[in-house]
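See structure below.
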Amino acid sequence: MNQRLHLATITDLCRFIEEAEQAPSLDELAARAGISAYHLHRLFKRITGVTPKAYAKAHRTERVRSGLHKNQAVTEAIYSAGFNSSSRYYEEAKQLLGMPTRQFRNKGKGSLIHFAVGQCSLGAILVARSELGICAISLGDEPNDLVIELQKNFAQATLIGGDSDFEQLVAKVIGFIEAPQLGLDLPLDIRGTAFQQRVWQALQKIPCGQTCSYTEIAELIGAPKAVRAVAGACAANVLAVAIPCHRVVRNDGNLSGYRWGVERKRALLDAESS
DNA sequence: GGTTCTCTGCCGC
DNA sequence: GCGGCAGAGAACC
């Protein structure tokens with residue numbers, strides 16, 4: 001079977017999973033694809049970066065989200081998304097939505113985001129924290145732009161400018177930016193798809209002072225074909241330096257892009273290598 | 001708490 | 001490239 005056929009097969013299975021009421025079993029998927037369950041499993045993971053089960057799970061989460069966005073009743077959203085008991089859903093609910101379900105349904109109203117802006121060697125820096133942990137670290141020239149971006153990303157939450165307690169946290173993050181080798185022992189509130197989470201986890205394992213290529217990351221997470229998806233996940237990172245997407249460079253050693261400017265990427269890498 | 005399903009390393013064709 | 005087994009672990013009831 002050639003590459004294109006593989007892709008078509010897996011794409012078909014993805015649609016199939018999305019449309020199914022309940023997550024299809026591996027055997028069902030294999031039968032549909034006309035290959036063994038063993039091989040299908042590997043193929044699926046190689047191409048999409050996640051296993052069929054994880055894919056179905058991620059999609060189920062999406063359904064709950066969109067159900068809640070449409071103001072479906074919480075219980076209804078849970079069941080119609082394919083969960084067959086609400087208790088199973090609630091076991092993982094907070095992980096899935098980043099906040100309690102009811103709060104999510106109320107469009108994040110009531111969720112509080114503390115934030116503050118400061119200056120570091122790289123320019124303006126914004127740090128924000130939700131109930132779960134640090135939910136944004138961004139860099140830029142204009143402090144105002146950073147705040148506007150935060151407002152966009154957390155449109156429904158209540159944003160609270162920094163109090164003195166929070167300034168200490170910002171100081172800690174700035175200290176970490178100036179000396180990344182010290183590490184940042186603060187809880188992170190990381191929100192993303194299953195695939196993005198895998199990429200970000202892999203990024204956090206790159207030691208300070210070292211770099212890695214997109215291809216290497218793709219191989220590391222067991223999805224060697226998903227190089228472009230890896231680049232996409234790096235670009236979607238909202239936790240500058242804490243999730244070190246600046247340590248990912250092109251195969252030829254060129255820096256490629258950086259969400260907060262290539263110059264900052266270079267500065268960070270220079271600082272780390274010395 | 002037992003059973004079934006998922007996942008992965010290893011090997012054979 | 002593809003299939004299969006074994007064993008560990010997770011999900012499910």
Side-chain angles (χ1 to χ4, degrees), chain A residues 1-68 72-101 104 132 187-206 212-230 233:
Chain A
M1 230 188 267
N2 66 32
Q3 214 45 44
R4 185 165 294 177
L5 249 167
H6 280 151
L7 209 61
T9 306
I10 299 302
T11 312
D12 172 69
L13 290 179
C14 289
R15 297 296 92 76
F16 181 62
I17 292 171
E18 285 159 18
E19 282 155 26
E21 283 289 312
Q22 297 277 319
S25 73
L26 247 189
D27 284 337
E28 285 174 80
L29 294 173
R32 186 180 169 90
I35 53 180
S36 77
Y38 305 104
H39 188 57
L40 166 71
H41 188 271
R42 288 165 191 133
L43 196 62
F44 196 98
K45 186 173 173 189
R46 202 183 72 207
I47 292 179
T48 65
V50 293
T51 62
K53 178 89 175 176
Y55 186 89
K57 199 175 161 188
H59 188 258
R60 198 169 59 169
T61 304
E62 261 324 296
R63 282 205 214 167
V64 175
R65 272 178 198 277
S66 74
L68 292 173
Q72 253 180 358
V74 171
T75 315
E76 195 193 331
I78 292 169
Y79 281 97
S80 63
F83 284 90
N84 35 26
S85 86
S86 57
S87 62
R88 181 127 348 94
Y89 164 78
Y90 279 110
E91 278 169 22
E92 44 188 311
K94 236 186 158 171
Q95 277 280 322
L96 297 181
L97 303 177
M99 65 188 83
T101 308
F104 183 88
L132 295 178
L188 302 178
D189 175 4
I190 303 174
R191 301 176 193 187
T193 65
F195 181 79
Q196 287 171 337
Q197 303 254 7
R198 285 163 59 88
V199 173
W200 296 338
Q201 259 173 31
L203 295 186
Q204 288 178 278
K205 289 188 189 132
I206 309 174
C212 210
S213 71
Y214 294 100
T215 314
E216 282 166 338
I217 295 290
E219 279 163 6
L220 213 61
I221 63 168
K225 303 279 172 178
V227 179
R228 296 177 80 164
V230 166

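All heavy atoms count here, side chains included; hydrogens, waters and symmetry mates do not. Here is how names work: the chains are called A, B, and so on, in the same order as the sequence lines, proteins then strands, and each is numbered from 1. Since we're looking at a predicted model, the values are computed, not measured.
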Within-4.5 Å side-chain heavy-atom neighbours: A/K225 and A/L7: no
Nucleotide-resolved protein contact map, nucleotides 3-13 of chain B, B/S/- at heavy-atom distance under 4.0 Å: ---SSBBB---
From C/dG4, C/dC13, C/dG1, nucleotide with atom closest to A/R88 side chain: C/dC13
Side-chain heavy-atom pair A/F104, A/V64 within 4.5 angstrom cut-off: no
A/F195 side chain reached by A/T48 side chain, heavy atoms, under 4.5 Å: no
Please write out each protein N/O paired with an N/O of nucleotides 7-9 of chain C under 3.5 Å, distance rounded to 0.1 Å.
none

Nearest-nucleotide comparison on DNA chain C, the residue closer to the 5′ end among A/R60 and A/L40: A/L40
Reported CD1-to-CD1 distance for the pair A/I47 and A/I10, which is rounded to 0.5 angstrom: 5.0 Å
Exam field: side chain A/R63 to backbone A/G82, donor-acceptor pair closer than 3.5 Å: no
Any side-chain heavy-atom pair of A/V50 and A/K57 under 4.5 Å: no
A/H39 side-chain N/O to C/dC5 phosphate OP1/OP2 under 4.0 Å: no
Sequence neighbours excluded - ring pair (Phe, Tyr, Trp, His ring centres under 6.0 Å) pairs with any residue from residues 13-46 of chain A: A/F44-A/Y55
A/I217 and A/I206, any side-chain heavy atoms less than 4.5 Å apart: yes
